[in-house]
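Worksheet: the structure to be examined is printed underneath.
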Amino acid sequence: MKIGIAGGGAFGTALAAALALDGHDIQLWARHAEAASDMQNTRSNPKLPGVDLPQNISISGELEPLFICDTILLAIPAQTLPAFLTEHLAHLDGKNLVACCKGIDLKRMTGPASTIRDIVPGAVPAMLTGPSFAADIARGLPTALTLGCADDEMGAMLQTALSTTSLRIYRTTDTVGAELGGALKNVMAIASGIAIGAKLGESARAALITRGFPEMQRLALALGAQPETLSGLSGFGDLVLTCTSDQSRNYRYGLAIGTGSDFDQNTTVEGAATARAVRQLASELDIDMPICTVVADLTENKTDVATALNTLLSRPLKEE
Ligand SMILES: NC(=O)C1=CN([C@@H]2O[C@H](COP(=O)(O)OP(=O)(O)OC[C@H]3O[C@@H](n4cnc5c(N)ncnc54)[C@H](O)[C@@H]3O)[C@@H](O)[C@H]2O)C=CC1
Ligand SMILES: O=C(CO)COP(=O)(O)O
């Protein structure tokens, strides 16, 4: 299996490093030619300080070497995935396309694997997701992920190919559950960051994580996910990680909202667009998604933290 990775950001580079250390020759594509050649020459990526990139990673700003690979990991932001797939459709047909991004596309209202299935019907769509910070993967720290692929035979091959001594991959055929768990937990991470930033306390964060989980399940199950997938690494596991660590950009974005601080708009924060997609889906499907809805409103300055808190706390009392 010849593995290529699209996306020379933190996650694409971290996956490249982990797989290269395991013996794979990796073709890494970075969008900006200059950044690609810097990475190729310095064997480093400023987004992963202190990580040396093994020599068996070839980094290029040209797409041709990537398209020679039969398996391509897509580590670009979820909202940019449809345009990339559409633009390069002819080259991606017939490939194993493994989405490594976490979000719901605002236009199509689909998670990354479903977006691949819709735009490149001739490809095998898969999803690699779960609790894992790029810096941890790149340093070879132990990590467990979920590989979702509806074609179980191909899923098993991808599971074997992408597992390393430190990267342990579990497998499911429930790609919808895998893609939605990873997307929705980012919204909850923003909510958790807001709670801590606004000094609402650790108990409030625990309440958000705990009530956020059934909220994630409600939408995911309505869209066809299996409950056990949501309870696994890609759902519950990543929810816990991202809501409790300031390594998470979604969490830090929430902290900035909660403290009223500025936040670098160039940072990849998938949960903001996903919250808006969820708000729309919830309204169309008539599903109660109160936390996601207030997060969406907060990211658009349609409400403030005090009002959002009041909205959540003044909801009718009900059974757990
Ligand atoms: N950083 C992390 O710890 C983890 C990230 N992820 C996911 O990986 C995905 C990528 O995140 P990171 O690599 O961390 O972000 P990043 O901000 O470090 O890198 C994003 C990369 O995508 C490229 N890019 C941006 N717009 C593009 C476009 N229109 N076409 C092609 N390429 C484009 C950028 O040039 C950059 O190389 C996100 O969905 C994120 O949720 C998943 C697990 C862990
Ligand atoms: O998905 C992640 C960890 O599993 C990374 O989270 P952030 O995108 O919030 O940094």
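Atoms within each ligand, like the ligands themselves, are counted from 1 in listed order. The residues of the chain are indexed from 1 along the displayed sequence.
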Modelled atom types, side-chain donor and acceptor of [X] and [Y], under 3.5 Å:
X    : Y    : answer
R249 : Y251 : no
E179 : S114 : yes
D238 : T242 : yes
N96  : T71  : yes
D304 : T307 : yes

Please could you name the atoms of ligand 2 that [X] approaches to less than 4.0 Å, counting only its heavy atoms?
X    : result
R249 : 7 (P), 8 (O), 9 (O), 10 (O)
T242 : 6 (O), 9 (O)
L241 : 3 (C), 4 (O)
S248 : 7 (P), 9 (O), 10 (O)
P131 : 4 (O)
K185 : 1 (O), 2 (C), 6 (O)

Which one of [options] has a non-hydrogen atom at the shortest distance from [atom]?
atom                   : options                : result
atom 1 (N) of ligand 1 : R249, Q79, H32, K102   : R249
atom 7 (P) of ligand 2 : D246, T267, N250, I137 : N250
atom 4 (O) of ligand 2 : V269, N186, D238, L145 : D238

Check: Does the N or O separation between G130 and ligand 2 drop below 3.5 Å for any pair?
Finding: yes
Next item on the list: Please determine if T268 has a nitrogen or oxygen closer than 3.5 Å to a nitrogen or oxygen of ligand 2.
Entry: no
Notebook entry, point to check: Counting heavy atoms not belonging to R43, are there more than 12 under 6.0 Å from its CZ?
Noted result: yes
Margin query: Can you confirm whether more than 12 heavy atoms, excluding those of D264, are under 6.0 Å from its CG atom?
Written below: yes
Any donor-acceptor N/O pair, [X] side chain to [Y] backbone, under 3.5 Å:
X    : Y    : answer
H24  : A161 : yes
N250 : G271 : yes
S234 : L230 : no
R171 : G148 : no
N56  : A20  : yes

I need the nearest protein heavy-atom contact for [atom]: residue, atom name and distance, please.
atom                    : value
atom 25 (C) of ligand 1 : R31 NH2, 3.3 Å
atom 22 (O) of ligand 1 : P77 CD, 3.2 Å
atom 41 (O) of ligand 1 : E270 CG, 3.6 Å

Can you tell me if [X] has a non-hydrogen atom under 4.0 Å from ligand 2?
X    : value
K102 : yes
A189 : no
R252 : no

Could you tell me, atom by atom, which parts of ligand 1 come under 4.0 Å of a heavy atom of [X]?
X    : result
A75  : 10 (C)
K47  : 16 (P), 17 (O), 18 (O), 19 (O)
I76  : 22 (O), 31 (C), 32 (N)
T268 : 15 (O), 16 (P), 17 (O)
S132 : 3 (O), 43 (C), 44 (C)
C101 : 39 (O)
A134 : 1 (N), 2 (C), 3 (O)

Note to self: With a 4.0 Å cut-off on N to O distance, would you call R276 and D297 a salt bridge?
What the structure shows: no
Notebook entry, point to check: Would you call R279-E284 a salt bridge at under 4.0 Å N-O?
Noted result: no
Note to self: With a cutoff of 4.0 Å, is F133 in contact with ligand 1, counting heavy atoms of the residue only?
What the structure shows: yes
Check: Just heavy atoms, cut-off under 4.0 Å: does C100 contact ligand 1 by side chain, backbone, both, or neither?
Finding: backbone
Notebook entry, point to check: After noting the C-alpha distance and the side-chain angles of S132 and T143, does the key distance pass the side-chain hydrogen bond (donor to acceptor under 3.5 Å, both in side chains) rule?
Noted result: CA-CA 6 Å; S132 57; T143 315; over 6 Å; no
